Amino acid sequence: MTDRMIVDAERSERLPQPPKKPHLITSDAEALDVAAGLAERFREGASDRDSERRLPWDQIEEYTASGLGAVTVPREFGGADVSLVTLAKIFEVLCAADPSLGQLPQNQFGVLALLRDIGSPEQKSRVYADILNGLRIGNAGPEKGTKKVNVSTTRLKRTANGFRLSGRRFYSTGAIFAHWIPTRAIDEEDRAIQVWVRREAPGVHIIDDWSSFGQRTTASGTVEFNDVPVDPELVFPLWSFVRRAGLAGPISQLIQAAIDSGVAAAAIADTLSFVRERARPWVDFGGQSASHDPTIIHEVGNLHAQFHAAQGVLHRAAAVIDDVAKNPVTDRSSAEASVAVAEAKILTTEIALAATEMLFDLAGSSATRAAHNLDRHWRNARVHTLHDPVRWKYHLIGNYELNGTFPQRHQWN
């Protein structure tokens, strides 16, 4: 497979399979059991998929069939409506097995959270039914070449033949595997909107030009929209999002933090395995096993303490959002959710980077051999933690605690 593959409705190496009715998950406990079972299978071949850049087509179909993609659908629409604590744990488990594959559903859950905030009853009914029937949501993310990440030149225009969408987007995680592709655009009044188009619609072109050194099989490259027909019922008023207290931003950030926690867990597990099975003790130690080296034991203890602290704050942040969601969301409660998640994002970023770096310090120079592909952990952590600048999380928390300033409302808060 080449690093650049153009996939469109007319010319395709592989398109998403027609949806099949997935298994219906009915409880949080079942969702976690299903995620654990998938993770065991996804772990096999994860390193090879990364090194060979093989997209996980079969695995994403298995994921969809499992029903995990629908676990946040509200009960009144037929879903399990699992807690966000459970959702965070699902992403941790999947990403500890294969963080590229585990990241692919992030936009589906982020979009479904936004749907709760700004969707009409008719839009919710339609979208939730699609998800329960096995359709996947991808993403066509920010544009390249603009001065700000939230600037859009992608436009929706009304024509004699109905609405048409044109533009070029990047960071399109999951789009290549999706049935629906939502994207940010500008309407004729220059207002920000979210527009959904079908993956197979004429004028939709997905270019697999994702060339990052990490998260290599997310295929987070380019999506082009060339005069694509749009259903007016699937246009969402993002412009209203900044005026309305909601939880879509904190939920999106919670997922990002959970992905980083999973990356850290994978790195720590491989560190322990390599030290036990392959690492040689240092000459000054004098012992027979690297696993009994007191300096290594100390660092492993430090890693676990940092990891469990970060994980605890992550789960607490999820619980905060769950509690906020039980009541009508206010500006203050939305801000509290954003602050809680910012704390988690800081700590999961730090442990993901620390664990993936410490792996080599503890495992030794033999761990750097290409055959082991252990550098994928650092590559994945370094790339994914750049999703948004964690330095601004410190500012968000400090400004809230010191000055009572509520965070700005957008998908990164």
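Please read these numbers as outputs of a predicted model, since none were measured by experiment.
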What I want to check is whether the side chains of Ser220 and Gln215 have a donor and an acceptor closer together than 3.5 Å.
no
Does Arg158 come within less than 4.0 Å of Asp187, counting only side-chain N to carboxylate O?
no
Less than 4.0 Å between a side-chain N and a carboxylate O, is that true for Asp388 and Lys393?
yes
Assess whether a salt bridge exists between Asp323 and Arg316, defined as any Lys/Arg side-chain N lying under 4.0 Å from an Asp/Glu carboxylate O.
no
So, Thr222 versus Asp209: side-chain donor-acceptor pair below 3.5 Å or not?
yes
Measuring centre to centre across the rings, with the benzene-like ring taken for any Trp, is Phe91 within less than 6.0 Å of Phe109?
yes
Hydrogens and angles aside, do Glu62 and Ser66 bring a side-chain donor and acceptor to less than 3.5 Å of each other?
no
Are Arg53 and Asp208 close enough for a salt bridge, meaning some N to O gap below 4.0 Å?
yes
Using only atom types and a distance under 3.5 Å, with no angle test, would you say the side chain of Asn133 pairs donor to acceptor with the backbone of Ala129?
yes
For residues 335-345, which residue pairs qualify under side-chain hydrogen bond (donor to acceptor under 3.5 Å, both in side chains), counting only residues two or more places apart or in two chains?
none
Quick test of your reading of the model: are Arg49 and Asp98 salt-bridged, counting only N-O distances below 4.0 Å?
yes
For Asp28 and Ser83, what are the C-alpha separation, side-chain angles and deciding distance, and is it a side-chain hydrogen bond (donor to acceptor under 3.5 Å, both in side chains)?
CA-CA 7 Å; Asp28 289 59; Ser83 72; 3.2 Å; yes
Taking the side chain as everything from C-beta on, heavy atoms only, tell me whether Ile137 gets closer than 4.5 Å to Pro182.
yes
Find out whether Phe163 and Lys157 are in side-chain contact, i.e. whether some heavy atom of one side chain is under 4.5 Å from a heavy atom of the other.
no
Check: Ser252 side chain, Ala248 main-chain N or O, donor-acceptor pair, under 3.5 Å
no
Does a donor on one side chain sit under 3.5 Å from an acceptor on the other, for Ser261 and Gln311?
no
pair Ile397-Ile346: side-chain heavy atoms closer than 4.5 Å
yes
Tell me, with the steps shown, if Thr64 and Arg136 meet side-chain hydrogen bond (donor to acceptor under 3.5 Å, both in side chains).
CA-CA 8 Å; Thr64 304; Arg136 291 188 294 271; 2.9 Å; yes
Atom CD1 in Ile321, atom CG in Leu254: separation rounded to 0.5 Å?
5.0 Å
List the steps, then state whether side-chain hydrogen bond (donor to acceptor under 3.5 Å, both in side chains) holds for Glu200 with His179.
CA-CA 8 Å; Glu200 71 276 11; His179 301 99; over 6 Å; no
Before giving the answer on salt bridge (Lys or Arg N to Asp or Glu O under 4.0 Å), spell out for Glu40 and Arg43 the whole-Å C-alpha distance, their side-chain angles and the decisive distance to 0.1 Å.
CA-CA 5 Å; Glu40 285 300 311; Arg43 189 171 287 109; 3.1 Å; yes
Do Phe225 and His205 have ring centroids that are under 6.0 Å from one another?
no
Does the side chain of Glu92 come under 3.5 Å of the side chain of His315 through a donor N or O and an acceptor N or O?
yes
Considering only NZ, NE, NH1 and NH2 on the basic side and carboxylate oxygens on the acidic side, decide whether Arg216 and Glu52 come within less than 4.0 Å.
no
Polar side chain donor-acceptor pair, Asn139 to Ser172, under 3.5 angstrom
no
Test item: Asn413 side-chain N/O and Gln408 main-chain N/O as donor-acceptor pair under 3.5 Å
yes
Centre of Trp180's six-membered ring, under 6.0 Å away, within 45 degrees of the axis: is that where NZ or CZ of Arg198 sits?
yes
Which one of Ile297, Ile296, Leu272 satisfies the side-chain contact (heavy atoms from CB on, under 4.5 Å) criterion with Leu362?
Ile296
Any side-chain heavy atom of Ile207 sitting closer than 4.5 Å to one from Val223?
no
Can you list the residues that meet the side chain to side chain contact (heavy atoms under 4.5 Å, CB included) rule with Ser120, with sequence neighbours excluded?
Glu122, Gln123
Pair Arg169, Thr183 - check side-chain hydrogen bond (donor to acceptor under 3.5 Å, both in side chains), show working.
CA-CA 8 Å; Arg169 314 291 292 185; Thr183 192; 3.3 Å; yes
Any chance the side chains of Glu350 and Gln306 put a donor and an acceptor closer than 3.5 Å?
no
State, yes or no, whether a side-chain contact exists between Val235 and Trp196 at a heavy-atom distance under 4.5 Å.
no
Please tell me whether Trp378 and Phe360 form a close aromatic pair, meaning their ring centres lie under 6.0 Å apart.
no
For Asn373 and Ser47, test the side chains for any donor-to-acceptor distance below 3.5 angstrom and give the result as yes or no.
yes
Side-chain contact, heavy-atom cut-off 4.5 Å: Leu247 with Arg116?
no
Is Glu61 close to Phe177 at the side-chain level, that is, under 4.5 Å between some pair of heavy atoms?
no
Salt bridge or not for Arg244 and Asp331, using N-O below 4.0 Å?
no
With the side chain counted from C-beta on, respond yes when Glu143 and Thr154 share a heavy-atom pair under 4.5 Å apart, and no when they do not.
yes
Hey, are Arg126 and Asp231 close enough for a salt bridge, meaning a charged N less than 4.0 Å from a carboxylate O?
yes
Can Asn380 and His377 be counted as having a side-chain donor-acceptor contact under 3.5 angstrom?
no
Salt bridge (Lys or Arg N to Asp or Glu O under 4.0 Å) between Arg369 and Asp375, worked out:
CA-CA 9 Å; Arg369 293 173 186 164; Asp375 61 300; over 6 Å; no
